[in-house]
Amino acid sequence: DDILVFAAASLKGPLDQIAAEAGDVVVSYGGSGTLARQISLGAPADVVILASTDWMDILETGGHVLPESRADILGNHLVVLAAKPEPLDLTVDAVLTRLDGGRLAMGFVASVPAGIYGKAALTHLGLWDRLSPHVAEVDNVRAAVALVARKEAPLAIGYASDAALVDGVFAVARFPADSHEPIRYPAAAVTAEGLAFLDRLHSPQAQEIFAAAGFQKVAPE
Amino acid sequence: MIEVDIQHRLGDFALDASFSTPVGVTALFGRSGSGKTSIINAIAGLLRPDRGRVSVNGAVFFDTDKGIWLPPHKRRVGYVFQDARLFPHLSVHQNLRYGGQHDEARIICLLGLQGLLERQPNRLSGGERQRVALGRALMCDPQLLLLDEPLAALDGPRKAEILPYLEALRDTAEIPIIYVSHAIAEVARLGTSLAVIRNGRVARVGPLEEVMADPASLALLGRADAGAVLTAVVQRHDSDDALTEVACAGGTVLLQGKIGQVGARLRLRVPAQDIILSTQAPAGLSALNALPVEILGITEGDGPALAVSLKAGDERLLAQISTRSARAMNLSVGSQVYAIFKVTAATPDFGQGES
Amino acid sequence: MIEVDIQHRLGDFALDASFSTPVGVTALFGRSGSGKTSIINAIAGLLRPDRGRVSVNGAVFFDTDKGIWLPPHKRRVGYVFQDARLFPHLSVHQNLRYGGQHDEARIICLLGLQGLLERQPNRLSGGERQRVALGRALMCDPQLLLLDEPLAALDGPRKAEILPYLEALRDTAEIPIIYVSHAIAEVARLGTSLAVIRNGRVARVGPLEEVMADPASLALLGRADAGAVLTAVVQRHDSDDALTEVACAGGTVLLQGKIGQVGARLRLRVPAQDIILSTQAPAGLSALNALPVEILGITEGDGPALAVSLKAGDERLLAQISTRSARAMNLSVGSQVYAIFKVTAATPDFGQGES
Amino acid sequence: MTGGLGPAEWAAIWLSLRVALVAVIFTLPLAIWAAHVLARKVFVGKQLFNVLIHLPLVLPPVVTGYLLLVIFGTQGAVGGWLSTTLGLTLAFRWTGAALAAGVMAFPLMVRAMRLGFEAVDSGLEDAAATLGASRWRVFRTVTLPLVWPGILAGAVLGFAKALGEFGATITFVAAIPGQTQTIPSAIYGLLQVPGQERGVVSLVVVAIVLSMGALLVSEWLARRAVQRVNR
Amino acid sequence: MTGGLGPAEWAAIWLSLRVALVAVIFTLPLAIWAAHVLARKVFVGKQLFNVLIHLPLVLPPVVTGYLLLVIFGTQGAVGGWLSTTLGLTLAFRWTGAALAAGVMAFPLMVRAMRLGFEAVDSGLEDAAATLGASRWRVFRTVTLPLVWPGILAGAVLGFAKALGEFGATITFVAAIPGQTQTIPSAIYGLLQVPGQERGVVSLVVVAIVLSMGALLVSEWLARRAVQRVNR
Ligand SMILES: Nc1ncnc2c1ncn2[C@@H]1O[C@H](COP(=O)(O)OP(=O)(O)OP(=O)(O)O)[C@@H](O)[C@H]1O
Ligand SMILES: Nc1ncnc2c1ncn2[C@@H]1O[C@H](COP(=O)(O)OP(=O)(O)OP(=O)(O)O)[C@@H](O)[C@H]1O
Ligand code: MOO
Ligand SMILES: [Mg+2]
Ligand SMILES: [Mg+2]
């Protein structure tokens with residue numbers, strides 16, 4: 001039977017390519033929270049890849065994944081996205097000027113991983129209190145990117161990979177790595193059948209494909 | 001045998017109707033809003049009275065005391081509604097066959113529906129609709145027919161065609177029929193019993209001949225509607241003149257046209273207002289019928305006229321005459337006089353557009 | 001003055017009706033499905049004929065040649081439909097007032113609607129519904145009344161109450177009325193013109209008196225419906241006997257009851273089948289009316305009977321007698337005879353349940 | 001936010017109510033018009049119109065939201081015009097949420113109402129016309145009251161849908177607490193966070209209670225109408 | 001996958017069709033029953049039943065999806081029972097997608113049909129009964145055909161909704177290509193990847209064409225019915 005992978009939606013693209021090369025692999029994409037709940041309720045997945053360590057922790061604690069198989073496969077950088085490639089200082093005034101009364105688009109700051117990271121980073125930089133009234137939350141990071149691409153929102157917080165992939169969207173500022181938890185995509189096998197594909201994800205070829213899509217390689221442990 | 005004894009409230013209106021009539025046609029006669037439709041709805045099972053009992057030919061349809069309630073579809077009544085209630089999604093033919101195909105060819109022909117079979121009901125005229133409704137009720141081979149003004153929308157010639165069929169149903173199949181109509185001529189021709197409904201109550205009920213010959217009916221039915229009904233047997237036909245000679249209890253009566261077979265029984269309505277009384281045998285009159293009669297009673301009639309009850313053989317006639325005539329002719333109980341009426345007035349073939 | 005000239009196809013049915021009638025009541029008479037409703041729908045604007053022209057009192061409602069089409073709501077017609085078409089979401093009172101409040105109190109009273117005003121239409125009996133529909137049409141103060149069998153569902157006494165009101169409308173307000181009815185008595189009483197419809201065509205149209213006195217009408221209208229209409233003027237009332245003496249062109253006629261004011265004009269229908277011809281002046285008869293008449297013509301009538309056209313003064317009477325009588329009495333054109341009929345037969349107050 | 005209803009949730013509840021009510025009230029006349037046109041008129045492009053109306057039902061809500069953004073966003077053709085001429089901004093405003101809810105509810109409303117129009121006996125409209133009522137008066141006093149049950153049904157469906165709409169709303173106006181965060185956005189947010197099930201349940205209960213209220217009101221109104229019209 | 005329709009998209013299209021058809025066909029009798037009960041019967045708990053039916057409309061689809069997962073998942077009460085006794089698994093199968101689509105479409109279907117039942121003239125049913133038709137025959141031969149336009153309207157609404165359903169479906173059965181990935185899930189997936197706009201547009205067009213087909217068929221059937229019943 002095919003290997004079934006449940007993966008965070010933001011991985012679509014490079015992961016499709018890897019799955020196609022592997023053959024016999026199908027990927028079902030969704031939000032990390034939804035995927036985690038589905039796995040915990042008995043989804044027939046062999047492999048799960050999330051954009052959030054929290055949810056993977058829950059799966060691991062609940063015994064829904066093979067514990068020894070868990071490993072981070074990718075990283076990413078958190079950036080500010082804009083429609084014009086003009087660099088931006090990460091100061092309140094600079095951001096507000098660029099917003100010009102518009103909105104700062106983010107994933108849900110309480111639930112969408114990119115939103116959680118973003119709020120943490122802004123807080124760390126002391127910007128959150130002043131900027132939070134200008135935030136518009138959406139249900140996934142791609143929706144935030146789309147708002148920038150459509151020029152409905154001057155700025156959005158997203159991943160470096162988004163800037164790399166979406167035409168007309170540029171990373172105009174990068175958050176310092178220490179301003180938020182490291183961005184990690186944890187993966188784990190749910191069944192023993194999934195182990196082989198998990199290995200493939202760590203392979204240099206796969207990592208290259210991800211890197212080409214703007215993701216960051218992580219050193220194998 | 002139909003036995004009805006029901007009480008029911010409908011808003012302000014209280015229905016409290018009780019009557020029982022033998023097999024035959026029971027005519028319900030009464031003013032608009034008097035409760036006729038409600039009564040037949042109760043018989044059909046479409047109205048569940050607050051209390052009471054309905055039985056037809058021994059079968060109990062409804063009895064609050066015994067907790068009996070037969071649903072409408074088990075009652076086998078053929079009901080022609082005041083509004084036709086054709087199924088709009090079915091063709092005329094499908095409508096007709098909905099309840100059965102009893103006597104189909106004959107009914108379709110009789111009601112002149114041949115050309116309409118493939119039509120949808122919304123493409124019918126008012127009278128056509130009513131004819132289809134009648135056909136539909138007849139084709140389900142009912143054990144009881146409820147007819148709520150089935151002929152009111154029809155023209156005279158059409159009525160004249162349909163009535164003999166209903167008579168035949170009454171006489172041969174012995175299906176009891178309850179017939180609501182405002183047309184006394186129809187009632188007189190078809191009815192065996194007459195129930196006069198007033199304000200939700202049965203004001204008078206009895207054999208039709210009796211109720212109609214009763215001088216009191218002049219007030220109950222109104223001047224134009226009162227008039228006795230005679231039973232006659234066909235004696236012979238005069239082919240030359242196309243007259244029919246029939247024998248009544250009171251004597252021989254001539255009817256216009258060739259009517260019935262020799263030996264057939266007919267019912268003749270003689271409207272009270274159409275009878276002319278004469279102290280002498282008539283001569284030189286185009287009216288051919290003159291029965292010798294005895295005056296049984298003279299009572300107040302409807303308004304200023306007098307109701308004169310007459311004995312013709314062992315049957316009764318009812319005449320309505322002006323007080324002035326009665327005085328001029330010096331009429332009194334026991335007088336022997338002649339009741340003169342025209343042949344056309346007594347014909348049972350009244351249907352040609354009389355209403 | 002109503003002018004109608006329309007052609008229209010409805011499925012298999014072809015309407016090709018053309019007539020023009022003066023102000024007054026134009027009765028449309030014809031069999032079920034002959035096209036009566038279609039004609040008045042075209043006048044009301046509910047049916048848009050393929051081609052033709054309709055004008056009422058000079059106002060052109062419709063003219064394909066000139067491209068004129070007046071929408072229904074601008075035509076000011078009061079239309080009483082064959083099916084009542086009451087608004088189910090409005091109370092009786094709201095229904096009545098929908099088109100206006102013209103003559104409200106009188107109409108409500110006349111139609112006996114006082115107790116029903118707060119009811120919803122679904123709680124009315126069949127006759128009550130029709131009365132409300134009639135009231136609603138009258139209360140919009142129409143310039144033209146279209147009545148499609150408005151009284152068919154009503155009982156005799158109710159009809160007798162409503163007809164004088166319609167007569168008054170005709171005579172005083174000069175509203176033209178088109179009246180569809182199967183009841184010849186209503187037609188004769190109300191109608192000033194009569195149009196006989198057959199198969200979508202106008203078979204005969206003309207002043208009512210003329211059409212009805214025409215021996216040919218015996219075949220056209222049927223035996224029971226034929227009969228001339230006389231115009232009479234009230235002379236005096238006999239209070240003692242409650243008789244009314246009226247003068248016709250042919251002589252004096254007595255009517256039962258106290259009818260009209262002295263000097264009032266009445267219309268009397270004398271059904272052809274109710275006339276008795278006599279070669280001698282009658283004696284000892286309770287029938288009080290005997291007009292001396294001259295025989296104008298004897299023609300074949302409906303079936304085996306003969307139609308006898310009579311001259312009474314300058315008016316016409318129509319009698320229907322059997323061939324045998326005609327022979328026995330040796331009747332021929334030019335004979336002077338007596339036309340005998342009962343008072344009750346000639347009363348205009350026919351309404352008491354005759355249909 | 002510890003499981004019950006915090007201020008953000010209460011704000012979401014009030015906002016949802018406002019959004020749903022405004023959506024239904026403003027969409028209603030348009031829906032009635034569209035239903036009437038579809039039920040009664042014959043014109044070229046009718047089927048296209050019909051499909052257009054049904055689109056929000058067929059498309060994934062996100063797509064609808066995205067289309068709204070493209071059309072009614074400040075950069076969008078209509079949105080730009082609205083904003084410069086009328087000063088009406090929809091993107092990121094509760095008005096935009098109402099628009100999204102209205103658009104999503106529209107097909108449901110139209111369908112129910114159209115059935116109502118189709119069921120009206122044209123004989124009654126004819127009768128009204130002969131009584132002198134203009135087309136508009138006939139529509140107002142005869143047709144509309146007879147379609148009333150259909151309109152109520154449509155309004156309730158629309159209200160319920162407007163309460164539940166999520167995908168198009170979040171895509172078009174995001175979820176700004178107090179401004180565009182409706183009950184479904186709030187629920188969705190909570191669902192994505194482990195351990196927030198109590199908050200979800202509370203909001204779900206509120207949504208149920210609100211829709212129950214709308215249902216009861218509509219049933220009551222309909223019953224009144226049916227009692228009158230009932231045959 | 002370079003913009004047009006790849007095999008995954010074609011699979012999604014066929015799956016969507018199958019899911020929507022199965023959802024409508026299986027839900028139809030239930031919806032007719034529910035509509036009839038709501039239109040005609042009086043019973044305690046009727047309002048509760050009514051609210052229950054409307055729930056999928058009011059709740060965010062994701063919540064409905066979760067509830068389905070909790071109830072019909074392999075771990076769920078009903079799901080476990082179905083799986084052990086009937087061997088029927090719903091979660092993460094196309095059958096589950098059909099269930100989700102059916103549940104989401106249900107309120108729309110019921111509402112339209114209920115209106116139809118309410119509009120039927122009970123006098124005609126009475127007439128049928130006096131002609132000897134049992135309750136069931138009356139229902140089948142008189143009531144149902146007269147409700148036909150409402151049923152069609154309900155079925156089309158349901159079909160369209162089933163085609164467009166996303167939130168509950170992806171939550172209940174995920175979006176497994178070839179198995180549970182319907183058109184909306186596929187569109188959602190494509191939307192996640194920049195440069196896939198052509199694929200999105202293609203799928204949107206397919207969705208529109210499918211719903212248009214359903215609409216045309218239903219309009220045609222309805223017109224036939226209306227031609228007959230038309231008054
Ligand atoms: N929509 C239609 N399609 C086809 N034929 C029709 C349509 N409407 C009416 N007809 C036919 O046209 C003829 C005239 O109908 P109309 O209703 O005018 O008759 P009518 O004289 O009023 O009859 P009635 O006295 O029975 O009411 C009838 O034969 C009827 O069957
Ligand atoms: N649902 C109801 N609520 C209140 N009153 C009603 C209801 N249905 C009928 N009525 C009244 O009951 C009375 C009897 O009605 P029914 O229909 O039996 O009369 P009917 O004798 O058939 O009259 P018609 O000859 O006019 O058809 C009428 O006065 C009517 O107004
Ligand atoms: O891929 Mo996510 O779960 O939208 O950040
Ligand atoms: Mg009645
Ligand atoms: Mg007619």
Side-chain angles (χ1 to χ4, degrees), chain D residues 46-48 50-52 54-64 66-67 107-108 111-112 114-116 118-119 121-123 149-150 153-154 156-157 159-161 163-167 182-188 191-192 200 203-204 207-208 210-212 214-216 219 222 226 230-231, chain E residues 46-48 50-51 54-64 66-67 107-108 111-112 114-116 118-119 121-123 149-150 153-154 156-157 159-161 163-167 171 182-188 191 200 203-204 207-212 214-216 219 222 226 230-231:
Chain D
K46 179 168 171 178
Q47 284 315 322
L48 196 76
N50 203 355
V51 166
L52 216 70
H54 280 77
L55 268 196
L57 205 62
V58 183
L59 296 180
V62 181
V63 172
T64 307
Y66 190 75
L67 288 176
L108 311 185
R111 248 307 171 182
R114 178 176 171 180
L115 277 177
E118 281 167 349
D121 178 0
S122 64
V156 160
L157 273 181
F159 184 80
K161 177 71 203 168
L163 275 185
E165 214 301 302
F166 169 64
T182 56
I183 296 177
S185 320
I187 291 177
Y188 184 81
L191 264 180
Q192 301 300 315
V200 171
L203 280 177
V204 163
I208 295 176
L210 286 184
S211 64
M212 184 140 82
L215 269 177
L216 287 178
E219 298 280 332
V226 167
N230 159 45
R231 248 186 174 277
Chain E
K46 178 167 170 177
Q47 284 316 320
L48 196 75
N50 204 354
V51 166
H54 280 77
L55 266 196
L57 206 60
V58 183
L59 296 180
V62 180
V63 172
T64 307
Y66 271 121
L67 288 176
L108 310 185
R111 249 306 171 180
R114 178 175 169 183
L115 276 176
E118 282 167 350
D121 178 1
S122 64
V156 161
L157 271 181
F159 185 79
K161 176 71 203 169
L163 275 185
E165 215 303 300
F166 167 63
T171 311
T182 57
I183 295 177
S185 326
I187 291 177
Y188 176 79
L191 276 177
V200 170
L203 279 179
V204 163
I208 293 175
V209 168
L210 287 182
S211 64
M212 184 141 81
L215 269 178
L216 287 178
E219 297 280 330
V226 167
N230 160 43
R231 244 184 178 278

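Worth saying up front: this structure is predicted, and the values here are computed from it rather than measured. Protein chains get the first letters and strands the later ones, always in sequence-line order, with residue 1 at the start of each.
- When each of E:Ala160, E:Pro184, E:Ser211 is checked for heavy-atom pairs under 4.5 Å with chain D, E:Ala160 comes out on top.
- How far CG of E:Leu55 is from CE of D:Met212: 9.5 Å, rounded to the nearest 0.5 Å.
- With a threshold of 4.5 angstrom between heavy atoms, E:Leu115 approaches chain D through side-chain atoms but not through N, CA, C or O.
- The salt bridge (Lys or Arg N to Asp or Glu O under 4.0 Å) check on D:Arg111 picks up E:Glu219, with sequence neighbours excluded.
- Top candidate by heavy-atom pairs under 4.5 Å with chain D, chosen from E:Asn50, E:Ile183, E:Leu163, E:Leu48, is E:Asn50.
- Considering CD of E:Gln47 and CG of D:Leu215, their distance stands at 7.0 Å, rounded to 0.5 Å.
- Contacts between E:Leu157 and chain D at a heavy-atom distance below 4.5 Å involve backbone atoms as well as side-chain atoms.
- In terms of heavy-atom proximity, E:Ile187 sits nearest to D:Pro60 at CD1-CG, 3.7 Å.
- D:Leu67 meets the side chain to side chain contact (heavy atoms under 4.5 Å, CB included) test with D:Leu59, D:Val63; sequence neighbours excluded.
- Of the residues considered (D:Thr64, D:Leu108, D:Thr182, D:Val62), D:Leu108 shows the highest number of contacts with chain E, using heavy-atom pairs under 4.5 Å.
- Of all non-hydrogen atoms in D:Gly164 and E:Pro61, the two that sit nearest each other are O-CD, 4.0 Å.
- Between chain E and the residues D:Gly116, D:Ala119, D:Ala153, the largest count of heavy-atom pairs under 4.5 Å involves D:Ala153.
- Residue E:Tyr66 touches chain D through its side chain alone, counting heavy-atom pairs closer than 4.5 Å.
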